[in-house]
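For reference, the structure I am asking about is given below.
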Amino acid sequence: MPELPEVETMCRGIRQVKGRRISRVSTPKCSLRPIRIAPSVSAIQKCLRDEAILDITRLGKRVLLHTEEYALILQPRMAGLVSLGVAPSSKHIRLQIDFHGEPDCRLLYWDRRGLGSVELIRNDEVQSRIVVGRLGPDALQITSEDFATRLAKTSRAIKVALLDQKLLAGVGNLYASEMLHVAGIHPATPAAQLSKSRIRRLYNAMQDVLLTAIEHEGSTLSDGTYRNALNDPGSYQNQHRVYDRAGAPCPKCSAGIVERIVQAQRSTFFCSRCQKT
DNA sequence: CATATGTCCTGAGAGC
DNA sequence: TGCTCTCAGGACATAT
C-alpha cells in the first residue's frame with residue numbers, strides 16, 4: 001500500500017539518522033520466507049560498516065539511504081515500511097541497521113508480506129539501474145505540461161495510466177481513485193481523450209491530494225499495516241472520499257453512491273454521478 | 001513498441 | 001470454534 005505520501009512520510013520520519021555512522025547491518029532471525037536482498041546482507045554490511053548516512057531521498061515509492069559511495073534502496077511495495085526501532089510486529093522485521101553511539105535508535109525495514117526488497121548499489125548507478133526504463137517523473141515534480149503530454153500518448157483508461165510508474169512515479173491505487181474523484185473524471189476515460197482543461201484539473205487535484213495526504217502522514221487502512229517511523233498511524237484515511245467506500249453516499253454530491261469496479265485487476269472507486277467520461 | 005495478464009507473499013475477514 | 005477460501009495491490013516477468 002505505501003504510495004508517495006506514505007513513503008515520503010517514512011523518509012521524513014527517519015531524517016534524524018542523517019549523519020550517523022552505521023555499526024551493523026543484520027537480519028533478525030525470521031521464520032518467514034526471506035525477502036529479496038541483494039547483494040547478501042554480509043556483503044551489504046561490508047560496504048556500509050562505519051559509513052555515515054549522508055542523505056535520505058525518495059525515488060517514486062522507494063526510500064534511498066545514501067552513504068558517500070552507496071545507495072541502500074528500500075522498496076516496501078505492498079506491506080513494507082521503514083521505521084526508527086519500532087514496528088507493528090517483531091516477527092516481520094527483515095533488516096536492521098544499528099549506529100555507532102546510538103544503542104537505542106536503529107533503523108528497521110519491516111515487511112508483513114515480504115513482497116518488498118532491499119538492494120545496495122553505488123550512487124552513480126542509481127540513474128541507470130533504477131530510473132531509466134522504470135520510473136517517469138515524480139508526481140510532485142512533474143510539470144502540468146509534461147503530465148498532459150504523457151497522458152496524451154496512451155489510450156489506456158486514465159486510472160490505469162496513473163498507476164504506470166514509467167509514465168508518472170509515485171501514484172498508487174488508493175490515491176489514483178481519490179484524485180480522479182476530486183477532478184470529476186470517470187476512471188475508465190481513455191487518457192488521450194481527456195481535454196486539456198480536464199487534464200489540468202487532474203494535475204491540480206493530484207498535487208492537492210498528495211500534499212494533503214503527506215500533511216496527514218499518509219493513510220493507514222483497516223488492516224493497520226502502514227505506520228509512520230514511530231509506529232503511529234497516519235490520518236488521511238479519514239479524508240478518503242471514495243477509496244474503500246463502496247455503497248456509501250458520495251461526499252461531494254451526496255446523491256450518488258460510491259461504486260467499485262475492477263480495472264487491471266485492481267479495485268477502483270468512484271461516483272458515476274460526479275465523475276463523467 | 002504498447003498493452004495485458006500472471007505471479008510473488010502473508011494475514012484479515014467471510015462463510016460454513 | 002476452527003477450518004477453508006478469497007482478497008488486498010506494487011512491480012516485475014512474461015505473453016499478446
Side-chain angles (χ1 to χ4, degrees), chain A residues 1-10 27-28 30-38 58-64 73-82 87-95 109-119 121 126 129-136 138-139 149-180 187-193 210 213 218-227 233 237 240 242-247 260-269:
Chain A
M1 203 282 305
E3 306 182 25
L4 188 154
E6 288 77 25
V7 177
E8 178 64 26
T9 303
M10 291 174 201
T27 43
C30 178
S31 54
L32 303 168
R33 185 189 198 88
I35 63 165
R36 294 178 313 152
I37 298 181
R58 178 182 61 76
L59 209 44
K61 302 172 190 170
R62 293 166 168 87
V63 175
L64 280 71
I73 305 174
L74 308 168
Q75 188 176 26
R77 292 216 192 170
M78 279 301 300
L81 58 81
V82 184
S89 66
S90 55
K91 180 183 176 188
H92 306 88
I93 295 170
R94 313 295 185 139
L95 194 76
Y109 176 67
W110 178 94
D111 193 335
R112 175 176 281 162
R113 288 167 62 182
L115 294 176
S117 64
V118 175
E119 186 181 6
I121 64 178
V126 170
R129 301 257 312 256
I130 307 296
V131 179
V132 176
R134 281 216 182 88
L135 295 177
D138 191 83
T149 304
R150 287 168 172 269
L151 289 178
K153 287 180 184 159
T154 180
S155 60
R156 285 173 294 172
I158 181 63
K159 157 67 164 33
V160 176
L162 285 171
L163 297 183
D164 182 351
Q165 303 299 296
K166 287 194 284 292
L167 193 152
L168 177 75
V171 176
N173 200 50
L174 191 164
Y175 293 101
S177 281
E178 290 294 310
M179 62 186 68
L180 285 167
T189 315
Q193 253 176 46
L210 295 176
S219 302
T220 298
L221 303 181
S222 54
D223 69 358
T225 293
Y226 166 72
R227 295 284 203 269
Q237 66 280 5
H240 289 176
V242 290
Y243 184 78
D244 206 18
R245 296 180 52 82
R260 173 186 179 272
I261 57 173
V262 173
Q263 295 178 286
Q265 349 256 69
R266 277 143 184 83
S267 296
T268 301
F269 300 89

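What you see below is based on every heavy atom in this structure, not just the backbone, and it leaves out hydrogens, waters and symmetry mates.
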Min and max contacting nt of DNA chain C in 5' to 3' order, chain A heavy atoms within under 4.0 angstrom, are dA8(C) to dC12(C)

Using the side chain to side chain donor-acceptor pair (under 3.5 Å) criterion, which residues pair with Arg129(A)? Sequence neighbours excluded.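 With neighbours one apart ignored, the set is Glu119(A).
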
When all nucleic acid strands are considered with a 4.0 Å heavy-atom cut-off, which category describes Arg156(A): base, sugar-phosphate, or nothing? sugar-phosphate

Take atom CG of Leu115(A) and atom C1' of dT10(B), then tell me their distance rounded to the nearest Å.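 In whole Å, dT10(B) C1' and Leu115(A) CG are 8 Å from each other.
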
Look at all strands and tell whether Tyr175(A) reaches a base, only sugar-phosphate, or nothing, counting heavy atoms closer than 4.0 Å. nothing

Could I get the full list of side chain to side chain contact (heavy atoms under 4.5 Å, CB included) partners for Pro28(A), not counting sequence neighbours? Ile93(A), Gln96(A)

Between Asp138(A) and Arg58(A) (salt bridge meaning N to carboxylate O under 4.0 Å), is one present in this structure?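 Between Arg58(A) and Asp138(A) there is a salt bridge, with a charged N closer than 4.0 Å to a carboxylate O.
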
Rounded to whole Å, how long is the line connecting atom CG of Leu81(A) with atom P of dG11(B)?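 The answer, rounded to whole Å, is 14 Å.
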
CZ-CD1 distance between Arg94(A) and Ile37(A), expressed to the nearest 0.5 angstrom: 9.0 Å

Could you state the atom-to-atom distance from NZ of Lys166(A) to P of dA4(B) in whole Å?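 For the pair Lys166(A) NZ and dA4(B) P, the rounded distance is 13 Å.
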
Applying a 4.0 Å non-hydrogen cut-off, can you work out what Gln265(A) is touching in the nucleic acid: base, sugar-phosphate, or nothing? base

Provide, to the nearest angstrom, the distance between the OH atom belonging to Tyr109(A) and the C1' atom belonging to dC9(B). 12 Å

By nearest nucleotide on DNA chain B, pick out whichever of Arg113(A) and Val160(A) is the more 5' one. Val160(A)

Have a look at Arg62(A) and say if it touches a base, only the backbone sugar-phosphate, or nothing, with a 4.0 Å heavy-atom cut-off. sugar-phosphate

Do you know the tightest heavy-atom contact between Ile35(A) and Gly114(A)? CG2-CA, 3.5 Å

If only side-chain N and O atoms of His92(A) are considered, is one of them under 4.0 Å from the OP1 or OP2 phosphate oxygen of dC9(B)?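 So the side-chain polar atoms of His92(A) never come under 4.0 Å of the phosphate oxygens OP1 or OP2 of dC9(B).
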
Once you apply a heavy-atom cut-off of 4.0 Å, does Arg94(A) come out as touching a base, just sugar-phosphate, or nothing?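 No contact at all - Arg94(A) keeps every heavy atom at 4.0 Å or more from the nucleic acid.
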
Would you tell me whether Ser117(A) and Gln75(A) have side-chain atoms, one donor and one acceptor, within less than 3.5 Å of each other?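 There is such a pair (donor and acceptor under 3.5 Å, judged by atom type) between the side chains of Ser117(A) and Gln75(A).
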
Which whole number of Å gives the distance between the P atom of dG6(B) and that of dT6(C)? 16 Å

Quickly work out the Arg33(A) CZ to dT10(B) P distance and round it to whole Å. 7 Å

Gap between atoms CG and C1', on Asp111(A) and dC8(B) respectively (whole Å):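 Interatomic distance, CG of Asp111(A) to C1' of dC8(B): 11 Å.
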
Without swapping roles, check the side chain of Gln263(A) against the backbone of Thr268(A) for a donor-acceptor pair under 3.5 Å. no

Return the set of residues passing salt bridge (Lys or Arg N to Asp or Glu O under 4.0 Å) with Glu178(A) (not counting sequence neighbours), or none when no residue passes.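 Salt bridge (Lys or Arg N to Asp or Glu O under 4.0 Å) check on Glu178(A) returns Arg241(A).
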
Secondary-structure notation, DNA chain B, from Watson-Crick and G-U pairs under 3.5 angstrom (| other strand): .|||||||.|||||||

For the pair made of CZ in Arg150(A) and P in dT3(B), what is the distance, rounded to whole Å?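 It is 13 Å, rounded to the nearest whole Å.
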
In chain order, what residues pass the ring pair (Phe, Tyr, Trp, His ring centres under 6.0 Å) check against Tyr175(A), with sequence neighbours excluded? Tyr236(A)

On the nucleotide dT10(B), are OP1 or OP2 found under 4.0 Å from the side-chain N or O atoms that Lys91(A) carries?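 Answer no for this pair, as no side-chain N or O of Lys91(A) is under 4.0 Å from OP1 or OP2.
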
How long is the gap from CG on Leu162(A) to OG1 on Thr154(A), to the nearest 0.5 Å?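 Rounded to the nearest 0.5 Å, the CG-OG1 separation comes out at 10.5 Å.
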
With C1' as the reference atom in both, quote the distance from dA11(C) to dA12(B) in angstrom, rounded to an integer.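 So the two C1' atoms sit 23 Å from each other.
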
Tell me: CG of Leu163(A) to P of dT3(B), nearest whole Å? 14 Å

So Ser117(A), base contact, sugar-phosphate only, or nothing? Heavy-atom distance under 4.0 Å. nothing

